[in-house]
There are 2 protein chains.
Amino acid sequence: MNASPRRKELTRLAAQLFVQEGFDRTTVRMLAQEMGIKSGSLFHHFKDKQEILAAVIEEGTQNALSIAKAALNTCDADPESRLHAMARAHLETLFADRNAHVVALFEWRRLDPAARAHLGHLRDAYEALWVTVINEALAAGIIHGDRFLVSKFILGALNWTVRWYDPTGQRTPDDLADELVAMIMSR
Amino acid sequence: MNASPRRKELTRLAAQLFVQEGFDRTTVRMLAQEMGIKSGSLFHHFKDKQEILAAVIEEGTQNALSIAKAALNTCDADPESRLHAMARAHLETLFADRNAHVVALFEWRRLDPAARAHLGHLRDAYEALWVTVINEALAAGIIHGDRFLVSKFILGALNWTVRWYDPTGQRTPDDLADELVAMIMSR
DNA sequence: TCTATAACCAAGCAAGCGCTAGTGTGAGTG
DNA sequence: CACTCACACTAGCGCTTGCTTGGTTATAGA
């Protein structure tokens with residue numbers, strides 16, 4: 001289907017409901033009500049409920065990808081700056097598009113195989129950026145350890161923030177990123 | 001309700017299905033079939049579907065608590081040994097009772113308020129062990145940073161392992177624990 | 001003014017849901 | 001023997017689900 005502005009707005013609302021209730025418990029009637037239309041009208045915009053889920057996740061992942069690329073293009077070239085930039089970019093998009101990313105992280109299994117394959121490639125492209133930056137940091141000796149485990153630990157710590165971080169508190173996402181990088185860097 | 005051995009076995013089967021399908025998509029008919037009984041008979045053992053979820057999570061959390069306590073009681077008294085012991089214990093229970101813990105981590109929101117309050121206290125008791133150990137490690141200067149953030153990052157990295165760790169691979173849970181502790185310790 | 005099209009609606013279908021009611025049944029107990 | 005009780009069964013109620021249908025309205029270009 002197309003990418004009309006209306007559809008984009010509906011996708012944003014769907015993401016919010018999916019986070020609030022979970023994908024399975026969000027009914028097409030709830031989605032329609034939130035969008036100010038009747039449930040039947042929803043199927044004019046999306047062919048089925050699955051497609052709404054895929055649209056939400058695609059939107060979020062695309063944003064993550066472009067934000068991370070932009071961050072790497074504007075930061076300093078040294079491995080430490082690039083590591084900082086990726087961590088900051090990750091948390092920036094995680095909380096700017098929080099709903100979409102929570103859905104991507106916790107409702108991934110509800111995607112049908114076709115959508116999962118398509119979106120899987122998108123996610124791989126994003127993770128490839130991380131692999132590069134972490135390899136550089138390891139080569140430069142500013143962090144140590146098994147490259148696979150280090151990647152998983154860092155991304156785990158970052159992704160888990162959506163479960164406890166309070167954006168209305170005093171800490172900014174950048175604070176979190178800096179603290180995490182400081183924690184794992186050898187001194 | 002009671003804690004008969006039969007009920008314990010049914011709880012184990014339920015945990016497996018909840019992980020495979022998610023709580024919402026697991027129907028009482030599926031549960032019953034897996035247990036080798038008819039759907040109506042299920043309500044002889046559990047008063048409703050909610051209670052099955054609560055039983056699964058309670059089982060997992062109790063195990064985590066006793067394993068962690070045992071680990072702290074048998075390890076050396078220095079902060080580094082205790083940190084190691086907690087990380088190892090966490091991953092040990094995470095993969096010994098993998099199904100129960102995955103349910104606890106990702107289906108927590110499906111608990112009704114009463115069960116959430118009760119199980120919340122259990123979980124708090126477990127997290128209190130972590131707080132103690134991390135405070136000791138900070139005081140001893142073997143790790144650095146904000147105590148709140150450090151806790152969250154460590155637990156995030158550990159909990160996220162259920163999303164990627166392959167128990168049939170070469171790495172043991174203890175390997176993961178050691179690598180994580182090494183990564184965050186100042187050298 | 002005519003027409004194409006996007007957007008919407010009321011109504012409802014078939015399937016599946018959690019759960020209940022009422023009824024055996026076989027093992028243990030007095 | 002009579003009785004209880006844990007456990008399982010059949011049958012289906014009342015409701016919700018995702019999705020479809022057939023038809024109406026708003027808007028904009030020719």
Side-chain angles (χ1 to χ4, degrees), chain A residues 1-58 103 106-116, chain B residues 1-58 103 106-116:
Chain A
M1 289 212 181
N2 56 35
S4 65
R6 179 85 173 119
R7 184 180 151 111
K8 206 160 186 175
E9 171 65 6
L10 298 183
T11 303
R12 210 185 51 80
L13 288 169
Q16 188 191 334
L17 260 184
F18 287 163
V19 169
Q20 228 171 79
E21 307 288 331
F23 177 72
D24 290 328
R25 290 174 103 89
T26 304
T27 69
V28 294
R29 287 163 179 80
M30 293 164 63
L31 286 165
Q33 186 172 15
E34 196 74 10
M35 297 166 177
I37 58 179
K38 298 297 174 179
S39 74
S41 314
L42 212 162
F43 295 90
H44 171 77
H45 302 277
F46 303 91
K47 91 173 220 290
D48 55 20
K49 198 187 167 191
Q50 273 282 330
E51 200 183 76
I52 308 179
L53 178 62
V56 167
I57 296 183
E58 171 141 27
V103 171
F106 298 106
E107 307 285 359
W108 183 266
R109 294 151 28 97
R110 308 269 86 97
L111 287 170
D112 60 33
R116 204 178 312 188
Chain B
M1 289 211 182
N2 56 35
S4 67
R6 178 90 172 117
R7 184 179 152 113
K8 207 161 187 174
E9 171 63 7
L10 298 182
T11 302
R12 210 185 51 79
L13 288 169
Q16 188 191 334
L17 260 183
F18 287 163
V19 169
Q20 229 171 77
E21 308 287 330
F23 177 72
D24 290 328
R25 290 172 102 89
T26 303
T27 70
V28 293
R29 288 164 179 78
M30 293 164 64
L31 286 165
Q33 187 173 14
E34 196 75 10
M35 297 168 178
I37 57 179
K38 299 296 175 181
S39 73
S41 314
L42 213 163
F43 294 90
H44 171 75
H45 301 279
F46 302 92
K47 91 173 220 287
D48 56 20
K49 200 187 166 191
Q50 273 283 330
E51 198 184 78
I52 308 179
L53 178 62
V56 167
I57 296 182
E58 171 142 26
V103 171
F106 298 107
E107 308 284 1
W108 183 267
R109 294 151 26 99
R110 301 290 158 245
L111 288 169
D112 60 33
R116 203 176 314 187

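To find a chain, count down the sequence lines: A is the first, B the second, and so on, and within it residues start at 1.
For B/S41, the listed nucleotide lying nearest its side chain is D/dC9; candidates were D/dC19, C/dA7, D/dC9. Of the listed nucleotides (C/dA6, D/dA8, C/dG18), C/dA6 has the atom at the smallest distance from the side chain of A/H44.
One can place CG of B/D48 at 14 Å from C1' of C/dC17, the figure rounded to the nearest angstrom. Counting to the nearest Å, the C1' atom of C/dG18 and the NZ atom of B/K49 are 8 Å from each other. To the nearest angstrom, C1' of D/dC19 lies 5 Å from CZ of A/F43. Between the CG atom of A/L42 and the P atom of C/dA11 there is a distance of 19 Å, rounded to whole Å. Computed from coordinates, the A/F46 CZ to C/dA7 P distance equals 11 Å when rounded to whole Å. Between A/M35 atom CE and C/dA7 atom P the separation is 13 Å, expressed in whole Å. A/L53 has its CG atom 13 Å from the P atom of D/dG18, to the nearest Å. One atom, CD of A/Q33, and another, C1' of C/dC8, lie 16 Å apart when rounded to the nearest Å.
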Without placing hydrogens or testing angles, list every side-chain donor-acceptor pair under 3.5 Å for residues 22-32 of chain A, not counting sequence neighbours.
unit_1	atom_1	unit_2	atom_2	d
A/D24	OD1	B/R25	NH1	2.7
A/R25	NH1	B/D24	OD1	2.7
A/T26	OG1	A/L17	O	3.4
A/T26	OG1	A/G22	O	2.6
A/T27	OG1	A/R29	N	3.4
A/T27	OG1	A/M30	N	3.0

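The CD1 atom of A/I37 sits 6.0 Å away from atom CG of A/L10, with the distance rounded to the nearest 0.5 Å. Rounded to the nearest 0.5 angstrom, A/E107 CD and A/I57 CD1 are separated by 8.0 Å. Taking CZ of A/R116 as the reference point, atom CZ of A/R109 lies at 8.5 Å (rounded to 0.5 Å).
Contact check for B/K49 versus B/L53: no side-chain heavy atoms found under the 4.5 Å cut-off.
Counting only distance, with no hydrogens or angles, the side chain of A/E34 and the backbone of A/L13 share no donor-acceptor pair below 3.5 Å.
Few gaps surround CD on A/Q20; more than 12 heavy atoms of other groups in view lie less than 6.0 Å from it.
Remark: A/H45 is in phosphate contact with C/dC8, judged by side-chain N or O atoms under 4.0 Å from OP1 or OP2.
For the segment residues 15-31 of chain B, residues with any heavy atom less than 4.0 angstrom from an atom of DNA chain C are, sorted by number, B/T26, B/T27, B/V28, B/R29.
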